[in-house]
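Quick notes on the structure that follows.
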2 protein chains.
Amino acid sequence: MARKQKNLPDSCGLGPALAVIGGKWKALLLWQIHQAQPCRFSELKRLQPEISEKMLIQHLREMEADGVIHREVFHQVPPRVEYSVTSAGAELDHALAPLAEWGKKHLERTEAAREKS
Amino acid sequence: MARKQKNLPDSCGLGPALAVIGGKWKALLLWQIHQAQPCRFSELKRLQPEISEKMLIQHLREMEADGVIHREVFHQVPPRVEYSVTSAGAELDHALAPLAEWGKKHLERTEAAREKS
DNA sequence: CAGCATCCTCACCGATACTG
DNA sequence: CAGTATCGGTGAGGATGCTG
C-alpha cells in the first residue's frame, strides 16, 4: 500500500481518496491509462514525457497496491508489461470527472478575471 | 492566488482543481465551512483541533484567493471574522461528493481485505 | 479573538547511473 | 524493454512565540 504520503485526515472519505490520487501525477496517469488501456510502460512514458521514470514506476506501483490499476507481466524477451485500470479504478475515474469539469470552469473564471488588466 | 504548491500538470482540468484542494486540509476545510457556514475562525479551530493555526490561516487565505470561500471582517473589539463558501466553492463541494463516496467504499474494500489475517 | 513571524524537519520529487 | 539504486534539493507543513 502506498504509504499515505502525507498523513491526510480521513473524516468524510475524502482523505483516503486524496491519498490515492494525491501524488503529483497520479490522477493524470489514471486518466491516461483509462483512455489507452491496456498500455505498456514505454507508452506511458511517451504520453507523458515530463514525468521521470522513477516517479512513473513509483506511482504505478502505489496505484497497483491501492487496487486501482492492474499490472500484467508477459515473460518474454524483451520484457513486456501492460497496465490497465481495475473496476475500482474505473469508478475512481468516474468520480474524478466532476472535479475535472470544475477545474476547467475555474480556469475560465480566473482567466476572465485576469484579462481586466 | 495560491501558488500551485506543486506544479501540477493541467491537462484535462484536474490540475487546477487539485491545485485548489490539494493542500493537506483544504478539502476538509471546504467541506466543514460548507456545513457550518457562516463560521468563525475559532469555530474552525474547534472543529478541527489537529490542524495548526498557521496552516488553518494559510489554507483559508489561499482558498479565498482562489475564490472558493468568502471572508467577512467585522471591525469590532474583540475582532470577529466569518467564513463562508462562495458559489464556486459550493460547486466545488458538489464536485467533491462523488470522490468522498468513492473514498468510503475504498476504505471498506481495503479493510475487508485486511481482515483475511 | 484572530492572526503574523520564524525556525526547522522530512518526505516528495528530480537527476543520474546501472541491471535482468 | 522495463525497471532498480542512490544522492541530493526543495518547499509544504509543524512548533512555538508574539501582536493589534
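To find a chain, count down the sequence lines: A is the first, B the second, and so on, and within it residues start at 1.
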Tell me the interatomic distance from [X], atom [atom1], to [N], atom [atom2], rounded to whole angstroms.
| X | N | atom1 | atom2 | result |
| --- | --- | --- | --- | --- |
| A/Leu44 | D/dC1 | CG | P | 14 Å |
| B/Ile51 | C/dG3 | CD1 | C1' | 14 Å |
| A/Leu56 | C/dT16 | CG | C1' | 17 Å |
| B/Gln58 | C/dT6 | CD | C1' | 13 Å |
| B/Gln48 | D/dG13 | CD | C1' | 15 Å |
| B/Lys24 | D/dG11 | NZ | C1' | 14 Å |
| A/Glu50 | C/dG14 | CD | C1' | 13 Å |
| B/Phe41 | C/dC4 | CZ | P | 9 Å |

Find the distance between CG (B/Leu60) and CE (B/Met55) and round it off to the nearest 0.5 Å.
10.5 Å
Let me confirm one number: the CD1-CD distance from B/Ile33 to B/Glu43, rounded to the nearest 0.5 Å.
10.0 Å
Using a cut-off of less than 4.0 Å, is there contact between a side-chain N or O of [X] and OP1 or OP2 of [N]?
| X | N | result |
| --- | --- | --- |
| A/His59 | C/dC13 | yes |
| B/Arg40 | C/dC1 | no |
| A/Lys45 | D/dA2 | no |
| A/Arg71 | D/dA2 | no |
| A/Trp25 | C/dG14 | yes |

Proximal nucleotide (of [options]) relative to the [X] side chain:
| X | options | value |
| --- | --- | --- |
| B/Tyr83 | C/dG3, D/dG13, D/dT4 | C/dG3 |
| B/Met55 | C/dC4, D/dG14, D/dA2 | D/dG14 |
| B/Pro78 | D/dA2, C/dC1, D/dT4 | C/dC1 |
| B/Ile57 | D/dG13, D/dT4, C/dG3 | C/dG3 |

Please determine which of B/Arg71, B/Arg46, B/Glu53 meets the side chain to side chain contact (heavy atoms under 4.5 Å, CB included) test together with B/Phe41.
B/Glu53
Are there over 12 heavy-atom neighbours, none belonging to A/Glu50, within less than 6.0 Å of that residue's CD?
no
Can you find a pair of side-chain heavy atoms, one from A/Val20 and one from A/Val68, that are under 4.5 Å apart?
yes
Scan [X] against the nucleic acid and name what it touches under 4.0 Å (heavy atoms): base, sugar-phosphate only, or nothing.
| X | result |
| --- | --- |
| B/Ser52 | nothing |
| B/Phe74 | nothing |
| A/Glu53 | base |
| A/Lys54 | base |

Quick check on DNA chain D: between A/Pro79 and A/Arg61, whose nearest nucleotide comes earlier from the 5' end?
A/Pro79
Joint hydrophobic cluster, B/Ile69 plus B/Val73, side-chain heavy atoms closer than 4.5 Å:
yes
